[in-house]
Structures are given as C-alpha cells and as structure tokens.
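For reference, the structure is listed below as structure tokens.
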Amino acid sequence: MKRPRLLLAVPLIGLVSGALVPVASAQPAGPVTEFTVLARSDVGAAERAVRAAGGTVVETNRAVGLITATAPASGFASRVSADQAVFGAARSQAIGSAPRGGKKVKPNVVEKEGRGAVSSKRARSGTDPLDDELWGLKSTRSDLARTVQPGSKRVKVGIIDTGVDGSHPDIAPNFDRADSRNFTRDIVADVNGTVVDGPCEYRGCVDPVDHDDNGHGTHVAGTIGAAANGFGVSGVAPGVSLVNLRAGQDAGFFFLQPMVDALTYAGDAGIDVVNMSFYVDPWLYNCRANPADSPAEQAEQRTIIEAATRALNYAHRKGVTMVVALGNEHTDLGAPQDDATSPDYPSSAAHPRPIDNTSCLTMPTEGPHTIGVGAFGPSQAKADYSNYGTEQISVSAPGGYFRDGFGTPWYRTVENEILSAYPHNVGVAEGNIDAAGNVTPAGVALGVQKAVAADGRVGYYQWLQGTSMATPHATGVAALIVSQYGKGGGAAFGMDPDAVQRVLEGTASPIACPVPRTVDYLDEGRDDSFTATCAGDAAFNGFYGHGAVDAYAAVTQGRSYLK
C-alpha cells in the first residue's frame, strides 16, 4: 500500500484544551527519537524539564499534561523522569530513519481470518441494497429502531481509528468534515529500519481528514452510521453525524499522544459518543512493575496508564460516551493469559512476560468510564477470539465469527462475519479491486461487494470480524439513545454518559450462559487456550455482559432507565 520515505521537517502544532497553538519545532542535532512526557501537575515546569534534559518540545496537550518531545535517545528518558515536575516518559518512535527491510503492519489475523475462504455468493453490481446480508443489523433490531429514531444529525459520533473514507457513497451523506481531525502523521520506519506507514502521499506527511489507508476505520464508521439512502449498506444509526478523529497509523498502530489528543478534542468539540476499537501500542497490557520488563519499560507503561486515564476522565467530564472493544485475545480479562506480543513496536522487541491482573491494564479498555463490548456470531455463540469475563464486559454485540455453525453449511464462510464499507484505495492496494474498478477474482473469493448507483457512484464493501466489529454496533445504539433522549439546544445538546450506559445496558437483551458453561473450540480447530468458562447468570455474565445490544428496545423503553 505504501513504500519507504523520509519524513520532512514541517512546523507542528499543539493542543491546549482543544485549541491549536504553534509550538517550537526545532530539532536537536543528530539522530533523534520522539518521546511522550507526562507532567505531574505543572505543565510549564515539565516543558522546562524537557529542555533541560536536552529535548525539544514539539506538542503539548495541556488538558492532560502530555508533551511530545524529540531528543537523542541515549539517556533522555531517565534524565527527564528524574525531574520532580515529570510523572514519566515513554519512547514513541524514531524520526527520519532510513528504511531497511519490509513494511511492518500490525497483525490482524483475527479480523481477516475469512481471507482465503470462498464466499457462498458472488460479488454483485447494481443499486439493490445489501442490508439483507447484514445479520448484525437485524440482530440489533436497527431495522425496527429507525422507524422510531433513525438518529439525529445533531448527534456526533467520533471514530477514533485509522481514518474514515469520507468519499464513500454510504458515508459521505453523514460525514462531518468540519469537525473531523487527523492527530497522526505518517511514520517512515521504526528504530530497526522496518518500514511502517510508507511514503508521504500528501504534503506535510499528514493524510486528509476524509482519507483511510487501512480500511479498519471506514469499516467501523459504516457499521455505526452508513446512510439509509437506498444504496449499498446502512448502519445501526443511519441518521447521525460521523466524525473522523484519527489516532491510528496506516499500519494499524495506535500510539499514546494521538489517542490522548483525540479524546480531549472529543470533549472540547462536543462529540457525543466515541468508538475505540483498539488498544494503545506498543503494550497489549501496561504493567506498572512487571519484573519481566526493564525499568525503562516499566516507567513507559506507568506513563501510558496515567496519561490514558487522565484523557478518559477528561472526555467523560465533558459528556463523551466511550465505547471500547474488549479485544481479540480469547482471554478472561479478569485472569489474563501471558503476553508474548509486547512491545509490538519497534519490530523484534517483544518478549514473553506473565500478566498480573492487579497491576496490568490493557488501555483504553480497562480505563475508567468505558463501556466494554464482547463479540458473538450469527448463532449468538461467543466468538472464539473474543475476550470475556465479568470484570470488564458491559454488553455484547455482533462481531462476526467465521467458524460459527460447525457442522452446517455456514461453517467457515465469510457471511458469518460483518459486511461494511471498504475504501476503494485499500481494495486496489490489496488486489481485490482492479484499475478499472472491478472486483478481481481474489476479491470475489473473499466476498467483496460492489454497488453502483444510477448516477455512477460506486461503493465497495468487505467482510471482517472482531470485537472491533462488535463495538460499532454498540456505538450505533448509544448514538440512537442520545438522539432519542438527549437534551439541550445548539452546542449544549447532549446526554450524560452514565445515563447513556444505563439505557444501553438496561435495554440489552439478556443471553444466558451456555450449558455446559465451559466451552471448548476444539471442533472449530482451536487449541485449549481458547477454552472459556462463562461466569454469572442471565442478567449479567462474562460472555454477554448485560446482554446483546437492542436498538429498538433502547429507543422505545430506554426512558425507564433515566433518573
């Protein structure tokens, strides 16, 4: 999709409680690394500490006290962390490295498990809606809910993800370009020289706010709020406004500063609901003092926990409902398995480490004020990959389950997954769309769909699975709740996030634990690590939380859950 390039030296800007202000951008001589430095309380004192330690302040988010700085890598983190004004520092990325080797893409084998399977249908062209293929839309009863409340344009839903293709025909009618922001810049290569995002496609190495070079964010946006326009697919809340709050790299990594900036901006810009289908890289679990990690790595993880927590608290105070994915590691988040994947950046840095549930957190999922979403398949069986457990789950939603329906013709078909919007540029890069705009034989095999309107507009759609696909179903229902019960005029319109959560959970459709409660996935080809035990009762359990999100119940019965 992208090829190696060197970043250009360009002026940068910083966030001050949502306001953009220019800051110094001079780079120190010699090879430099980017760091995030978290202030204890006095941000100005922390900025002075950065300079005293030999660094340059690039950007400051004063709402949280998080500073992006550049400095020679050797010794900077320990020097700046020794200052009493600094909570901690974390290495972010190398800058201006000459690339060597192949492109590094964050693994997404769970989400694309169906790649290579033959679809039971062929790709279609035409103006016929594809909603009959959206089993998740029917499961959430969005088709019924929209007869009562299709979603209000006043309700702004932020997609904190890899970007949103605002030109896609199903997204364009609801896309809010004015409020959308891109908080990332393309990364050339990691410290080992492995290519990450590839070449600059746009001047300044910052993609436009209506662009997505990964596809993940566009898929999420389509599930939440694709327009009900007689074309392609429609979303759970087809009338709401979609706002791109990009915090993910093209390669799929989500780093601390962009995530914090996106959350504080959401609070300041009046965003009602945000969808977060990711964890903050490079640590799947951030542990405060894991003996398997070096002192510098421990300090880095403590910084991530504290900065992310501050950002989540800030957004909540500002009225943002935050819906998060539980994750795809098939683990009980109250008793997590060992982690052999962290740190996943830079390349070749991961090392095995035990995870202590008391002191290790996956962020933002285990942060404050988040609504955690687990995934199930078309049969309502818990998806094999989905994390679970009574400690973090709030509700469950359709996330796709490629291996659902063992023993039936549906087993291992892409139609068990979730169909949503697919950027044309990503489809071409992946070889699923040709230069003439036709779905290639490879795309047909994957079930890639094409829709053509009478006026010539063309939209493409792909199948994916994951808690990343379950979360936007819940986010869409949350947006309908705000649309139906929100109060206030103009910029003051909104709804208390805690009230949104009460309605979402209270109107969810209860699903009892399976019998027997312990489920293995051996027939589905999984090993013993996937075996899961469901704790709790029908009202609340570790597989489904309070139940499956129900859009129709939310907009017709939700008032009884409001104080």
> Between His316 and Asp498, do the side chains contain an N or O donor and an N or O acceptor separated by less than 3.5 Å?
Replying inline: yes
>> Within the structure provided, determine whether Pro398 and Trp135 are in side-chain contact (heavy-atom separation under 4.5 Å).
In response: yes
> In terms of ring plane angle, is the pair Phe540 and His546 parallel, tilted or perpendicular, where the classes change at 30° and 60°?
Replying inline: tilted
>> I need the Lys138 NZ to Asp132 CG distance, nearest 0.5 Å.
In response: 6.0 Å
> What closest approach, in Å, do Gly166 and Ile171 show between heavy atoms, and which atom pair accounts for it?
Replying inline: CA-CG2, 4.3 Å
>> If we ignore hydrogens and angles and just use 3.5 Å, is the side chain of Asn387 paired with the main-chain N or O of Thr331 as donor and acceptor?
In response: yes
>> For the backbone of Val503 and the side chain of Thr507, can you confirm whether one donor and one acceptor N or O come within less than 3.5 Å of each other?
In response: yes
>> When you compare the side chains of Glu329 and Gln337, does any donor N or O come within less than 3.5 Å of an acceptor on the partner?
In response: no
>> Once rounded to the nearest 0.5 Å, what's the spacing between atom CZ of Arg181 and atom CG of Leu245?
In response: 9.0 Å
> Is a side-chain donor-acceptor pair under 3.5 Å present for His211 with Asp213?
Replying inline: yes
>> What I'd like to find out is whether the side chain of Leu333 reaches to under 4.5 Å of the side chain of Leu326, using heavy atoms alone.
In response: yes
>> Is there a side-chain contact (heavy atoms from CB on, under 4.5 Å) between Val236 and Leu137? Walk through the geometry before answering.
In response: CA-CA 6 Å; Val236 174; Leu137 203 66; 4.2 Å; yes
> Rounded to the nearest 0.5 Å, what separation is found between the CG atom of Leu361 and the CG atom of Leu284?
Replying inline: 11.5 Å
>> For Gly151, is there any backbone N or O sitting under 3.5 Å from a side-chain donor or acceptor partner on Arg154?
In response: no
> Taking C-beta and beyond as the side chain, do Glu366 and Glu391 meet within less than 4.5 Å on heavy atoms?
Replying inline: yes
>> Working note: Leu134 + Val233, criterion side-chain contact (heavy atoms from CB on, under 4.5 Å); need CA distance, chi angles, decisive distance, verdict.
In response: CA-CA 8 Å; Leu134 305 186; Val233 301; 3.8 Å; yes
> Looking only at heavy atoms, what is the nearest atom pair of Ser234 and Ala228, with distance?
Replying inline: CB-CA, 3.9 Å
> Hey, does the side chain of Tyr388 reach the backbone of Tyr544 with a donor-acceptor pair shorter than 3.5 angstrom?
Replying inline: no
> Ring centroid separation for Phe255 and Tyr345, is it under 6.0 angstrom?
Replying inline: yes
> Would you call the rings of Tyr461 and Phe231 parallel, tilted or perpendicular if under 30° counts as parallel and over 60° as perpendicular?
Replying inline: tilted
> For the side chain of Thr140 and the backbone of Val549, is there at least one donor-acceptor N/O pair under 3.5 Å apart?
Replying inline: no
>> Closer than 4.0 angstrom, basic N to acidic O: yes or no for Asp161 and Arg246?
In response: no
> Between Val519 and Pro514, what is the shortest heavy-atom contact and its length?
Replying inline: CG2-CG, 3.6 Å
> Just by distance, do the side chain of Arg517 and the backbone of Gly536 share a donor-acceptor pair under 3.5 Å?
Replying inline: yes
> With a 4.5 Å limit on heavy-atom distance, are the side chains of Ile187 and Phe253 in contact?
Replying inline: no
> Between Ser396, Ser386, Ser277, which is the residue that forms a side chain to side chain contact (heavy atoms under 4.5 Å, CB included) with Thr467?
Replying inline: Ser386
> side-chain contact (heavy atoms from CB on, under 4.5 Å) between Phe183 and Ile160: does it pass, once the steps are laid out?
Replying inline: CA-CA 10 Å; Phe183 297 100; Ile160 303 181; over 6 Å; no
>> So Leu263 and Met276, do their side chains get closer than 4.5 Å, heavy atoms only?
In response: yes
>> Testing the 3.5 Å rule here: is there a donor-acceptor pair between the side chains of Thr533 and Thr518?
In response: yes
> Taking atom CZ of Phe278 and atom OG1 of Thr362, what is their separation to the nearest 0.5 Å?
Replying inline: 10.0 Å
> Is a side-chain donor-acceptor pair under 3.5 Å present for Asp339 with Thr341?
Replying inline: yes
> Which of these passes side chain to side chain contact (heavy atoms under 4.5 Å, CB included) with Asp250: Asp207, Thr162, Asn214?
Replying inline: Asp207
>> So does Asp404 get a backbone contact from the side chain of Asn416, meaning a donor-acceptor N/O pair under 3.5 Å?
In response: yes
>> Could you check whether Thr475 and Asn275, counting side-chain N and O atoms only, form a donor-acceptor pair closer than 3.5 Å?
In response: yes
> Would a 4.5 Å heavy-atom cut-off, applied to side chains only, mark Tyr285 and Pro336 as touching?
Replying inline: yes
> Has Tyr521 got more than 12 heavy atoms of other residues, nucleotides or ligands less than 6.0 Å from its OH?
Replying inline: yes
> What is the distance from atom OH of Tyr385 to atom OH of Tyr401, rounded to the nearest 0.5 Å?
Replying inline: 9.5 Å
> Got a sec, which residues hit salt bridge (Lys or Arg N to Asp or Glu O under 4.0 Å) with Asp281, two or more places apart in sequence or on another chain?
Replying inline: Lys106
>> Ignoring hydrogens and geometry beyond distance, is a side-chain donor-acceptor pair present between His330 and Ser529 at under 3.5 Å?
In response: yes
> Can Tyr485 and Gln149 be said to form a side-chain contact (heavy atoms from CB on, under 4.5 Å), step by step?
Replying inline: CA-CA 10 Å; Tyr485 308 111; Gln149 176 58 261; over 6 Å; no
> Looking at Phe543, is Lys382 sitting on its ring face, NZ or CZ under 6.0 Å from the six-membered ring centre and within 45 degrees of the normal?
Replying inline: yes
> Centroid-to-centroid, Phe254 to Tyr279, below 6.0 Å?
Replying inline: no
> Looking at side-chain heavy atoms only, is the closest gap between Val477 and Leu504 below 4.5 Å?
Replying inline: yes
>> Test your reading of the model: is there a side-chain donor-acceptor pair from Asp272 to the backbone of Val157, 3.5 Å cut-off?
In response: no
>> Quick check for you: to the nearest 0.5 Å, what is the distance between Thr365 atom OG1 and Ile371 atom CD1?
In response: 12.5 Å
> In chain order, what residues pass the side chain to side chain donor-acceptor pair (under 3.5 Å) check against Thr218, with sequence neighbours excluded?
Replying inline: Asp212
> Ignoring hydrogens and geometry, is there a side-chain-to-backbone donor-acceptor pair from Arg403 to Gly405 under 3.5 Å?
Replying inline: no
> With distance as the sole test, does Ser241 use its side chain to make a donor-acceptor pair with the main-chain N or O of Lys156 at under 3.5 Å?
Replying inline: no
>> According to side-chain contact (heavy atoms from CB on, under 4.5 Å), who are the partners of Val428, at least two apart in sequence or on a separate chain?
In response: His424, Ile433
>> Could you walk me through whether Arg526 and Glu113 satisfy the salt bridge (charged side-chain N to carboxylate O under 4.0 Å, His left out) test, starting with their C-alpha distance in whole Å, then the side-chain angles of each, then the deciding distance to 0.1 Å, before giving a yes or no?
In response: CA-CA 13 Å; Arg526 299 303 197 184; Glu113 186 188 5; 3.5 Å; yes
>> Against His473, only a single residue in Val373, Ile418, Ile224, Val395 fulfils side chain to side chain contact (heavy atoms under 4.5 Å, CB included); can you say which?
In response: Ile418
